[in-house]
Amino acid sequence: MDSAHLNWGVGEQADRLLIKVTQRCRYTTMLELQQPQKQAFWLPDIVMQLRLYHDARLAEVTGYQNVRNIKTCYEWPNPKMLQPDEKVQQNQLLAEWLELCLQHGWLSEPVPRIK
């Protein structure tokens, strides 16, 4: 599948985001975003799965840290200690992450054109 690396920062302090296409369908595309945690070695790498809806021009988080099938609302407290608005928070994180990429990112290699 297709993949691209997006970088921001300079030199050894630069962070890298791997964007990988995992599935292509007629109306949707599935992506996986991965960001290694270089500066904070005690934190796990960020891994997020997305579904892109072509016609609606919309992205939705379908998995975060390899946890899938997040409900739109949770009772509190719950066994996994998920927030009542967990899905909203994950989608907000994606929006902020993409905004960071748009403002400060640069590609390390050209992205192949999709035909």
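Count residues from 1 along the sequence.
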Using 0.5 Å steps for rounding, measure from the CD atom of E32 to the CG atom of N66. 6.5 Å

Run K87 and V61 through side-chain contact (heavy atoms from CB on, under 4.5 Å) and show every step you take. CA-CA 8 Å; K87 187 149 186 92; V61 176; 5.5 Å; no

Side-chain heavy atoms of L31 within contact of R51, under 4.5 Å: no

Could you state the interatomic distance from NE2 (H54) to OG1 (T28), rounded to the nearest 0.5 Å? 6.0 Å

Closest non-hydrogen atom pair, T62 against L50: OG1-N, 3.9 Å

Which heavy atom of D85 sits nearest a heavy atom of Q89, and at what distance? OD1-NE2, 2.7 Å

When hydrophobic residues are tied together by side-chain contacts of less than 4.5 Å, even through go-betweens, does L98 share a cluster with L93? yes

What's the spacing between Q90 CD and E60 CD if we round to 0.5 Å? 10.0 Å

Find out if a path of hydrophobic residues (ILVMFWY) with successive side-chain heavy-atom gaps under 4.5 Å connects I19 to V47. no

Can you give me the closest heavy-atom contact between P36 and D45, atom names plus distance? CA-OD1, 3.3 Å

Start with the C-alpha distance between W97 and M48, add both sets of side-chain angles, then the distance that settles side-chain contact (heavy atoms from CB on, under 4.5 Å), and finish with yes or no. CA-CA 11 Å; W97 203 7; M48 187 179 286; 4.0 Å; yes

Has T22 got a side-chain atom pairing as donor or acceptor with M30's backbone, closer than 3.5 angstrom? yes

side-chain contact (heavy atoms from CB on, under 4.5 Å) between Q49 and Y64: does it pass, once the steps are laid out? CA-CA 6 Å; Q49 292 82 26; Y64 180 70; 5.8 Å; no

I need the minimum non-hydrogen distance between P44 and Q65, along with the two atoms involved. CG-NE2, 3.8 Å

Verify side-chain contact (heavy atoms from CB on, under 4.5 Å) between L94 and L33, making sure each step is shown before the conclusion. CA-CA 10 Å; L94 172 64; L33 306 180; 3.9 Å; yes

Does I46 share a hydrophobic cluster with L82, counting links as ILVMFWY side-chain heavy atoms below 4.5 Å and allowing steps through other members? no

